[in-house]
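All of these numbers come straight from a predicted model, not from anything done at the bench. When a ligand or atom number is given, it counts from 1 through the structure's own listing order.
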Amino acid sequence: MTGILLHQYEGSPFSEKVRVCLGVKGLSWGAVDQPVIMPKPELTPLTGGYRRIPVMQIGADIYLDSTLIVRELERRFRGPSLFPYGAAGLDQAQALWTDKGLFQAAVTVIFGGLGDRVDPAFIKDREALSGQPFNPAAMKAAVPAAQAQLKAQIALIAEQLRDGRAFVGGESPGLADANLYYNLWFVAKAYPAATSLYADEAQVLAWMERVKAIGHGRPMRVSPEQALATARASQPEPAQVATADEALAGRTVTVSALDYGRDAITGVLVGSSPFHVALRRNDPELGDLVVHAPRIGYALSA
Ligand SMILES: N[C@@H](CCC(=O)N[C@@H](CS)C(=O)NCC(=O)O)C(=O)O
């Protein structure tokens with residue numbers, strides 16, 4: 001038993017990144033479906049307010065953000081590495097491209113293309129999430145530039161694959177593939193018309209098929225109630241604060257995302273590393289929980 005519970009939903013691109021990594025490592029896991037829009041009453045008690053998807057739960061330990069989730073999968077579980085070519089630093093840094101510039105181009109192409117076919121409730125929710133008005137006309141106007149950006153970035157994937165390698169790093173798949181793949185998967189799923197942008201990139205299309213064939217490991221359905229019961233019945237694992245953070249150890253701190261979905265999480269700093277911070281919180285229904293958040297892209301304040 002891996003004990004992995006992934007709070008996700010089927011159409012979530014960042015969840016697809018993690019699902020591919022679960023596939024690469026051949027892990028079994030519990031898929032806990034959460035709503036696509038707020039409220040998320042069976043998620044936020046675990047996270048302390050963080051609403052984004054995906055979130056990984058292992059017992060009473062809660063991991064925010066796909067970047068930290070995949071890092072934790074690699075730390076905990078054997079099996080094929082997510083960094084098969086010894087480039088863990090660069091492969092993780094790649095998310096600063098794929099989760100930002102590439103993702104933004106994909107989002108604009110998708111939602112600008114869908115225009116007024118987007119559900120008004122979804123629009124309202126994502127306006128609250130981003131703190132920005134979701135203006136379909138402005139999105140539509142931005143589509144040609146975003147298409148050009150998407151195409152030019154996909155050309156880099158094509159260039160990487162040009163020597164006939166199976167995956168972007170070589171013959172074995174890893175995080176680098178998942179980071180790129182989920183963006184094209186999102187385009188194909190949410191706005192298939194835009195796949196014409198890369199229809200002539202045969203090597204990219206063949207690579208996408210290979211990544212798809214990896215699958216998602218062995219998922220089984222777990223209800224949100226079961227996930228909450230698991231948290232209630234579990235104790236967080238012991239954590240350790242890094243020397244550099246000693247001054248904050250045992251103090252109440254807050255963490256929030258720097259980009260969007262900035263809901264602050266408050267807790268006692270019980271763990272840290274150069275890559276993450278861990279906050280202990282007590283939920284009246286669930287007991288003690290430790291929420292782990294990445295450093296990159298998140299602000300920590302005392
Ligand atoms: N940096 C975050 C981004 C997560 C993100 O934007 N997730 C989207 C869904 S794929 C989201 O949470 N949207 C709002 C929601 O689902 O409530 C990560 O890598 O996990």
**Student:** For the side chain to side chain donor-acceptor pair (under 3.5 Å) test, which of Thr44, Asp263, Asp125 pairs with Arg51?
**Tutor:**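 Only one option passes, and that is Asp125.
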
**Student:** Any ion pair linking Asp259 and Lys100 (charged N to carboxylate O, less than 4.0 Å)?
**Tutor:**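 So Lys100 pairs with Asp259 through a salt bridge.
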
**Student:** Hey, is Arg162 close enough to Glu159 for a salt bridge, meaning N to O under 4.0 Å?
**Tutor:**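 No.
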
**Student:** Answer yes or no: is there a side-chain heavy-atom contact under 4.5 Å between Leu300 and Thr254?
**Tutor:**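 No; the side chains remain at least 4.5 Å from each other.
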
**Student:** Taking the side chain as everything from C-beta on, heavy atoms only, tell me whether Met208 gets closer than 4.5 Å to Tyr198.
**Tutor:**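 A side-chain contact exists here, since the closest heavy-atom pair is under 4.5 Å.
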
**Student:** Check step by step if salt bridge (charged side-chain N to carboxylate O under 4.0 Å, His left out) holds for Glu16 and Arg19.
**Tutor:** CA-CA 5 Å; Glu16 181 65 9; Arg19 293 187 293 245; 2.9 Å; yes

**Student:** When you pair each N or O of ligand 1 with protein N or O atoms, which pairs come out under 3.5 Å?
**Tutor:**
residue	atom	partner	partner atom	Å
ligand 1	1 (N)	Asp65	OD2	2.8
ligand 1	6 (O)	Tyr260	OH	2.6
ligand 1	7 (N)	Ile53	O	2.7
ligand 1	12 (O)	Ile53	N	3.0
ligand 1	16 (O)	Tyr9	OH	2.8
ligand 1	16 (O)	Lys40	NZ	3.2
ligand 1	16 (O)	Arg126	NH2	3.3
ligand 1	17 (O)	Lys40	NZ	2.5
ligand 1	17 (O)	Arg51	NE	3.2
ligand 1	17 (O)	Arg51	NH2	2.5
ligand 1	19 (O)	Asp65	OD1	3.0
ligand 1	19 (O)	Ser66	N	3.3
ligand 1	19 (O)	Ser66	OG	2.5
ligand 1	20 (O)	Ser66	N	2.8

